[in-house]
Amino acid sequence: MNRSELPIGLFDSGVGGLTVLKAMRNRMPCEDLIYLGDTARLPYGTKGPDTITKYALQASARLVERGIKALVIACNTASSVALDALRAEYPDIPVIGVVEPGARASVNASATGHIAVVATERTIRGQAYQQAITRLRPDADVVGIPCSLFVALAEEGWTDGPLVEGIAARYLDPIFNSGQSAPDSLVLGCTHFPLLSAAIANVVGPGVAIVDSAATTADAVAAELQRIGLGRQERCGSNHFLATDSVNRFARTGGLFLGHTINPTDVELVDL
Ligand code: DGL
């Protein structure tokens with residue numbers, strides 16, 4: 001088979017990476033996309049680097065064995081910990097993470113260079129965003145805020161209202177509403193968080209640009225496929241979903257992330 005006909009594989013710990021799939025579908029309507037949500041082992045963001053790397057290698061192996069032309073780590077936590085390991089494991093497949101594209105989007109959105117990153121505990125502790133942003137803008141002042149509860153809220157489909165805004169305020173008020181000069185840009189450094197962006201915007205206020213890495217990651221994937229001559233142009237692409245736990249739950253919450261219904265019969269249960 002011509003390699004350009006193969007699907008692009010994506011994985012995340014759960015349904016959050018569907019925000020990346022959605023952006024890729026818009027950017028690359030002709031590509032087939034195969035998405036694995038490791039729902040049985042979510043969350044990744046509170047686990048240690050060795051565990052996350054092991055999970056990322058296992059999830060990727062499931063996708064690679066089906067034949068893919070590129071691998072997208074649709075999870076900031078796995079991107080921040082396991083990008084190098086995955087590139088070493090699959091030297092013949094482009095492996096694209098979401099942290100670099102997210103860092104680029106935040107630098108483009110910030111006038112002052114004072115940038116906040118909300119992400120999982122592991123992504124913040126590993127400093128991946130802080131380092132990626134300062135590589136692009138050495139004078140940037142980057143503050144990282146671990147917001148682990150946002151993952152559970154998004155997976156539960158609780159995305160707005162006083163409870164969600166109360167939790168967001170508890171995390172964000174010390175940085176954005178303390179009377180000190182606040183960041184002008186806030187990166188959603190977790191693929192689950194775009195679902196909460198309206199509630200987050202209500203807490204940080206209208207002067208703060210909220211950015212996520214989905215669109216810039218889709219651009220990066222499209223550019224790489226074009227560079228290596230593997231882009232596909234001529235027909236309507238398909239989505240295929242794999243989950244490591246309840247296909248019904250994946251379909252229900254995944255539909256919220258995609259903005260349209262997923263039929264449980266379109267989700268395949270896999271074991272890693
Ligand atoms: N969606 C993942 C991320 O982008 C992590 C969620 C989790 O499993 O903790 O970091």
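Order of listing sets the numbers, starting from 1, for every ligand and every atom in it. Because only heavy atoms are used, hydrogens play no part in the values below, and waters and symmetry mates are left out as well, while side chains stay in.
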- Any non-hydrogen atom of Gly14 lying under 4.0 Å from ligand 1? no
- Give the numbers and elements of all ligand 1 atoms closer than 4.0 Å to a heavy atom of Ser13. 5 (C), 6 (C), 7 (C), 8 (O)
- Nearest protein heavy atom to atom 10 (O) of ligand 1, by residue and atom, and its distance? Thr77 OG1, 2.6 Å
- Item | Distance-only donor-acceptor check, side chains Thr46 and Ser148, under 3.5 Å | no
- Could you tell me whether Arg62 and Glu268 have a side-chain N and a carboxylate O separated by less than 4.0 Å? no
- Note on the structure: When every non-hydrogen atom of Val118 is compared with those of Leu172, the smallest separation belongs to CG1-CD2, 3.6 Å
- Side chains of Ser246 and Asn248: is there a donor and an acceptor less than 3.5 Å apart? no
- Query: Can you check whether Thr123 has an N/O within less than 3.5 Å of an N/O in ligand 1?
  - Reply: no
- Atoms of ligand 1, numbered as shown, that sit under 4.0 Å from any heavy atom of His192: 1 (N), 2 (C), 6 (C)
- Please identify which atoms of ligand 1 are closer than 4.0 Å to at least one heavy atom of Tyr44. 7 (C), 8 (O), 9 (O)
- Establish, from distance only, whether the side-chain atoms of Thr112 and Asp184 form a donor-acceptor pair under 3.5 Å. yes
- Where ligand 1 meets Thr120 - atom numbers and elements under 4.0 angstrom, heavy-atom basis: 5 (C), 9 (O), 10 (O)
- Query: For ligand 1, which atoms, with element, lie under 4.0 Å from some heavy atom of Val151?
  - Reply: 6 (C), 7 (C), 9 (O)
- Message: So, 4.0 Å and heavy atoms of Gly16: is ligand 1 close enough to count as a contact?
- Response: no
- Query: Below 4.0 angstrom, N of the basic side chain to O of the carboxylate: do Asp32 and Lys69 qualify?
  - Reply: no
- N/O of Gly45 under 3.5 Å from N/O of ligand 1, yes or no? yes
- Task: Taking only heavy atoms of Asp12 into account, list the atoms of ligand 1 that are under 4.0 Å away from them.
- Result: 1 (N), 2 (C)
- Message: With no hydrogens and no angle check, just 3.5 Å: does a side-chain donor-acceptor pair link Asp38 and Ser13?
- Response: no
- Are the charged groups of Arg252 and Glu155 less than 4.0 angstrom apart, N to O? no
